[in-house]
Amino acid sequence: MADFPSQVTTETSSPQSSQQQGGNSLTALAGDVNNKMNMPFIKSIPGVLMMAEIGLGLLHWALIAHVYIFTLPVYGWVMFVGVTLWIITTILFFMILFHLQQNLPSVPWPMAVMVYHAVATFLFLTAFISNAAYIRYSFFFRGHLTASAIFGALVTIAYGAGAYFSYLDWKGVGGNAATNTVPA
């Protein structure tokens, strides 16, 4: 019993006044969401490119969706590539925006994003070529298919530029080695 201290010190605390119910709860919630967002990512070149990929990709597959794709089965491939990559890019954008990739530290995110953009560039290039090659076979939807081919080319360029900047991020060009090893 000699190991037991003769006196024990305890401390109590009261809840902070900023956690009150009502009042500024919406303001506190908005401030909390804003603190969790990666605002520099939105202003960076990769963030702007990813937003362009989402916007242009939405226009691309929306124009293809208007076409009756069963007359030319190649548009099934174009639609599959457009919708699938649009969904994955949107998910990836929000994961980076809200720092959700930090919940999976075992994934090498710079390399994963680079590989994703490289594969997406190749897939969108095949979809663009397929779309552009079969425009002449459509009579009723030629305008939609031409516009979707143009947006497909723009999305392909955006994914290619995203792959290049992801490569630079993966290689660490423009950053200090010490800043890349410090966990956020």
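Contact check for Trp86 versus Val155: no side-chain heavy atoms found under the 4.5 Å cut-off. Side-chain contact check for Ile87 versus Ile91: some heavy-atom pair is nearer than 4.5 Å.
Between the side chain of His60 and the main chain of Leu56, no donor-acceptor pair closer than 3.5 Å is present. A donor-acceptor pair under 3.5 Å is absent between the side-chain atoms of Tyr75 and the main chain of Leu145, judged by distance alone. The closest donor-acceptor contact from the side chain of Trp109 to the backbone of Leu104 lies under 3.5 Å.
Note on ring orientation: taking the six-membered ring where Trp is involved, the planes of Trp170 and Tyr167 are tilted (angle from 30° to 60°). Relative ring orientation between Tyr116 and Tyr159 is described as perpendicular, the plane-to-plane angle rising above 60° on a 0-90° scale split at 30° and 60°.
Ile150 is not connected to Ile157 by any chain of hydrophobic side-chain contacts under 4.5 Å among Ile, Leu, Val, Met, Phe, Trp and Tyr, and they are in different clusters. Cluster annotation: Leu58 and Met51 are assigned to the same hydrophobic cluster (Ile/Leu/Val/Met/Phe/Trp/Tyr, side-chain heavy-atom contacts under 4.5 Å, transitive). A continuous path of ILVMFWY side-chain contacts below 4.5 Å connects Tyr164 to Met114, so both sit in one hydrophobic cluster. Leu125 and Met79 fall into different hydrophobic clusters, where Ile, Leu, Val, Met, Phe, Trp and Tyr are joined by side-chain heavy atoms under 4.5 Å apart, directly or via other members. Cluster membership for Phe128 and Val119, using ILVMFWY side-chain heavy atoms within less than 4.5 angstrom, is not shared.
Taken from CD in Gln102 to CE in Met95, the straight-line distance is 10.5 Å, to the nearest 0.5 Å. Note that CG of Asp169 and CE of Met111 are 12.5 Å apart. Values are rounded to the nearest 0.5 Å. Atoms CG and CZ, on Leu92 and Phe94 in that order, are 11.5 Å from each other to the nearest 0.5 Å. His66 NE2 to Leu63 CG: the interatomic distance, rounded to the nearest 0.5 Å, is 9.0 Å.
Nearest heavy-atom pair, Ala149 versus Ile135, reported as atom, atom and distance to 0.1 Å: CB-CD1, 3.9 Å. Nearest heavy-atom pair, Thr121 versus Ala163, reported as atom, atom and distance to 0.1 Å: OG1-CB, 4.3 Å. When all heavy atoms of Val78 and Ala127 are compared, the closest pair comes out as CG2-O, 3.5 Å. Shortest non-hydrogen contact noted between Ile42 and Val48 is O-CG2, 3.6 Å. Contact record, Ser166 with His117: OG-ND1, 3.4 Å, taken as the closest heavy-atom pair. Closest of all the heavy-atom pairs between Ala158 and Leu49 is O-CD2, 4.3 Å.
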TODO: Start with the C-alpha gap between Thr89 and Met50, add the side-chain angles, then the distance that decides, and say whether side-chain contact (heavy atoms from CB on, under 4.5 Å) holds.
DONE: CA-CA 7 Å; Thr89 303; Met50 200 170 278; 3.7 Å; yes

Open item on the list: Please determine whether side-chain contact (heavy atoms from CB on, under 4.5 Å) holds for the pair Leu123 and Leu85, giving the CA-CA distance in whole Å, both sets of side-chain angles, and the decisive distance to 0.1 Å.
Closed with: CA-CA 9 Å; Leu123 291 176; Leu85 293 179; 4.1 Å; yes

- [ ] Under the side-chain contact (heavy atoms from CB on, under 4.5 Å) rule, what do Val81 and Phe124 come out as? Steps first, then yes or no, please.
- [x] CA-CA 7 Å; Val81 169; Phe124 245 109; 4.3 Å; yes

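Between Phe41 and Phe93, a ring centre-to-centre spacing shorter than 6.0 Å is recorded.
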